[in-house]
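Below you'll find the structure, written out as structure tokens, and then a few comments.
In what follows, residues are counted from 1 in the order of the sequence shown. Quick caveat, the model's predicted, so the values are computed rather than measured.
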Amino acid sequence: MLVRLGFVAMSVHLKDASPSKTITHTRFEALGDLQRALNAIRSLVEINAQNTLRLLRYYGSRGIHLYRLTSKLVPLATILLQTHELQELVSSRALQLFSECGETAKEQHMRISAHPDHFTVLGSTNPSVIESAILNLRYHHEILELMGLSDSCYQLVLHVGSAAGGKEAAVKRFAETFEKLPSHIRRRLILENDDKTYTTSETLSLCRQLKIPMVLDVHHMICNGEPDDTLLLPEILRTWDGQAFPPKFHFSSPRSLQSPRAHADYIDPCSFLEFLIQLKNAGAQQADIMLEAKQKDEALFTLMRTLSDRTDIQPIDGGSFIV
């Protein structure tokens with residue numbers, strides 16, 4: 001089984017490369033003059049685009065083939081996009097940098113994704129929350145478009161979210177909103193089980209209904225008190241049939257018994273290897289696994305060093321191996 005590892009947005013290894021430079025709304029308004037304030041946003045977007053390009057070039061050349069974009073590439077996006085188009089917030093220099101990000105991703109065969117924030121709730125009972133969620137999805141889609149990543153294989157990961165009024169009613173609202181989304185956004189969406197509300201089986205059921213792939217988050221499954229079994233893995237794998245990229249998973253380790261939902265700095269190699277065996281036994285031939293650890297890329301490198309010492313692991317490059 002071919003396994004590729006990735007990390008989320010920020011690097012602790014590559015210095016001064018934050019792609020999430022931002023400004024508070026209070027500071028933005030304190031600048032007074034609108035043009036001056038928008039210029040401040042444009043400057044930050046340039047820095048974020050430049051650092052994203054640095055990250056993609058650096059890690060792409062080192063065999064890291066999965067990367068999750070930060071949602072903060074454009075500061076205050078969900079506020080400013082209510083009154084401005086994205087192009088007004090992005091300078092010509094940033095447009096060029098975003099284009100180079102996409103070119104680099106394609107050249108390095110990198111799987112780029114994004115995970116819109118937790119307030120992106122398509123099943124809310126509040127119409128304004130749904131409107132905001134759709135705006136946020138549009139923002140993420142347009143960022144990918146600016147990068148030239150128009151193919152729907154560059155996906156957006158969502159949680160089902162609200163359970164207001166009961167799960168059955170909430171899932172129905174989610175499905176109804178989903179079907180009303182523009183097709184270019186709908187094609188990008190995939191769902192992830194969460195750590196408190198929607199279980200693996202509930203999320204899988206909705207994915208089947210909507211005919212979209214499911215991302216299994218192993219840590220969330222455990223936090224949600226679900227049985228530690230592999231019965232659903234073959235069904236989850238099947239949701240990826242016909243997709244350009246292999247099935248995708250999220251993996252993290254709990255920080256402690258006292259904070260079981262929080263992510264640890266690094267990945268526990270024993271539990272990770274156990275999951276790999278479960279995946280392989282379920283019939284997976286390939287798997288892309290996003291590591292969600294506080295130490296970001298360092299956690300990936302540390303795990304790769306540990307795995308490389310094993311005789312049953314065959315490293316390919318800096319972020320992939322055969323098990």
Minimum heavy-atom distance between Val8 and Leu291, given as atom pair plus value = CG2-O, 3.9 Å
Hey, are the side chains of Tyr154 and Phe245 touching, using non-hydrogen atoms and a 4.5 Å cut-off?
-> yes
CG/Asp309: more than 12 non-hydrogen atoms of other groups inside 6.0 Å | yes
Over all heavy atoms of both residues, which pair between Ser308 and Pro315 is shortest? Give the atoms and the distance, please.
-> OG-CG, 3.5 Å
Is the backbone of Lys21 close enough, under 3.5 Å, to the side chain of Lys72 for a donor and an acceptor to pair up by distance?
-> no
Worked check of side chain to side chain contact (heavy atoms under 4.5 Å, CB included) between Val215 and Leu191 | CA-CA 6 Å; Val215 175; Leu191 294 182; over 6 Å; no
So do the side chains of Tyr198 and Leu206 get within less than 4.5 Å of each other, counting heavy atoms only?
-> no
Looking only at heavy atoms, what is the nearest atom pair of Phe178 and Leu210, with distance?
-> CD2-CD2, 3.7 Å
For the rings on Tyr59 and Tyr67, is their centre-to-centre separation under 6.0 Å?
-> no
Distance-only donor-acceptor check, side chains Tyr58 and His13, under 3.5 Å | yes
Any donor-acceptor N or O pair under 3.5 Å, side chains Ser124, Ser162 | no
Determine, for Lys248 against Asp288, whether the closest basic-nitrogen to carboxylate-oxygen distance falls under 4.0 angstrom.
-> no
Under a 4.5 Å cut-off applied to non-hydrogen side-chain atoms, are Thr197 and Val160 in contact?
-> no
Indicate yes or no for a side-chain donor-acceptor contact from Gln82 to the backbone of Thr78 under 3.5 Å, with no hydrogens or angles considered.
-> yes
Answer with yes or no whether the side chains of Arg188 and His141 bring together a donor and an acceptor at under 3.5 Å.
-> yes
Is there a donor-acceptor contact under 3.5 Å linking the side chains of His65 and Asp317?
-> yes
Could I get the full list of side-chain contact (heavy atoms from CB on, under 4.5 Å) partners for Thr311, not counting sequence neighbours?
-> none
More than 12 foreign heavy atoms under 6.0 Å from CD of Glu29: is that the case here?
-> yes
Using 4.0 Å as the upper bound for N to carboxylate O, is an ion pair formed by Glu88 and Arg42?
-> no
Check the pair His263 / His250 against ring pair (Phe, Tyr, Trp, His ring centres under 6.0 Å), numbers first and verdict last.
-> CA-CA 12 Å; His263 294 163; His250 292 173; 9.3 Å; no
Do Leu273 and Phe301 belong to the same hydrophobic cluster, where Ile, Leu, Val, Met, Phe, Trp and Tyr are linked whenever their side-chain heavy atoms lie under 4.5 Å apart, directly or via other members?
-> yes
Which of parallel (below 30°), tilted (30 to 60°) and perpendicular (above 60°) describes Phe275 and Phe249?
-> perpendicular
Test applied, side-chain contact (heavy atoms from CB on, under 4.5 Å); reference residue, Pro19; option that passes from Thr52, Leu53, Leu69 = Thr52
Inter-residue atom distance Cys101.SG - Lys106.NZ, 0.5 Å rounding = 12.0 Å
Same cluster or not: are Ile64 and Met147 linked, directly or through other Ile, Leu, Val, Met, Phe, Trp or Tyr residues, by side-chain heavy atoms under 4.5 angstrom apart?
-> yes
Modelled atom types, side-chain donor and acceptor of Asp268 and Ser271, under 3.5 Å | yes
Polar side-chain atom of Asn281 near backbone of Ile277 as donor-acceptor pair, under 3.5 Å = yes
Ser253 and His219: side chain donor to acceptor below 3.5 Å = no
Heavy atoms of His140 and Ala114 approach each other most closely as CD2-CB, 3.8 Å
Got Leu307 and Phe321 here, is their nearest side-chain heavy-atom distance under 4.5 Å?
-> yes
Non-hydrogen side-chain atoms of Ser20 and Met10 separated by less than 4.5 Å = yes
Distance, nearest 0.5 Å, that separates CD1 of Ile143 from OG1 of Thr70 | 10.0 Å
Answer yes or no: is there a side-chain heavy-atom contact under 4.5 Å between Thr239 and Ile212?
-> no
Heavy-atom closest pair (Asp297 atom, Leu14 atom, distance to 0.1 Å) is OD2-N, 4.0 Å
Any side-chain heavy-atom pair of Glu292 and Asp217 under 4.5 Å | yes
Any donor-acceptor pair under 3.5 Å linking the side chain of Asn126 with the backbone of Ser128?
-> yes
Is there a path of hydrophobic side-chain contacts, each under 4.5 Å between heavy atoms of I, L, V, M, F, W or Y residues, that connects Met290 with Leu216?
-> no
Kindly say whether Ser71 contributes a backbone atom to a donor-acceptor pair with the side chain of Tyr139 at under 3.5 angstrom?
-> yes
Give the minimum heavy-atom separation between Leu156 and Leu137, together with the two atoms involved.
-> CD1-O, 4.1 Å
Flag, side chain of Lys167 to backbone of Ala164, donor-acceptor distance under 3.5 Å = no
Quick one: does Arg54's side chain have a donor or acceptor within less than 3.5 Å of a partner on Ala49's backbone?
-> no
Pair Leu2-Val323, side chain to side chain contact (heavy atoms under 4.5 Å, CB included): steps then yes or no = CA-CA 7 Å; Leu2 172 63; Val323 60; over 6 Å; no
Arg111 side chain vs Pro246 backbone, donor-acceptor pair below 3.5 Å | yes
Side chain proximity check, Leu158 to Ile190, heavy atoms < 4.5 angstrom = no
Does the side chain of Thr302 come under 3.5 Å of the side chain of Arg305 through a donor N or O and an acceptor N or O?
-> yes
Between Leu204 and Ile236, does a side chain to side chain contact (heavy atoms under 4.5 Å, CB included) hold up when you go through it step by step?
-> CA-CA 7 Å; Leu204 175 59; Ile236 292 170; 4.2 Å; yes
N/O donor-acceptor pair under 3.5 Å between Glu226 side chain and Thr200 backbone | yes
Thr199 versus Asn224, side-chain donor and acceptor atoms under 3.5 Å | no
Check whether the side chains of His220 and Glu192 place a donor and an acceptor atom closer than 3.5 Å, and report yes or no.
-> yes
Linked, directly or transitively: Leu66 and Leu279 (ILVMFWY side chains, under 4.5 Å) | no
Can Gln155 and Ser113 be counted as having a side-chain donor-acceptor contact under 3.5 angstrom?
-> no
Any side-chain donor paired with an acceptor under 3.5 Å for Glu142 and Gln87?
-> no
Is there a path of hydrophobic side-chain contacts, each under 4.5 Å between heavy atoms of I, L, V, M, F, W or Y residues, that connects Ile41 with Leu34?
-> yes
Is Arg138 paired with Glu145 through a side-chain N to carboxylate O contact shorter than 4.0 Å?
-> no
With a 4.0 Å cut-off, would you call Arg310 and Asp312 a salt bridge?
-> yes
Going by distance alone, is a donor N or O of one side chain under 3.5 Å from an acceptor N or O of the other, for Asn51 and Ser18?
-> no
Strictly by modelled atom types, are Glu46 and Ser43 linked by a side-chain donor-acceptor pair under 3.5 Å?
-> no
For Gln285, does the CD atom sit with more than 12 other heavy atoms under 6.0 Å from it, leaving out its own atoms?
-> no
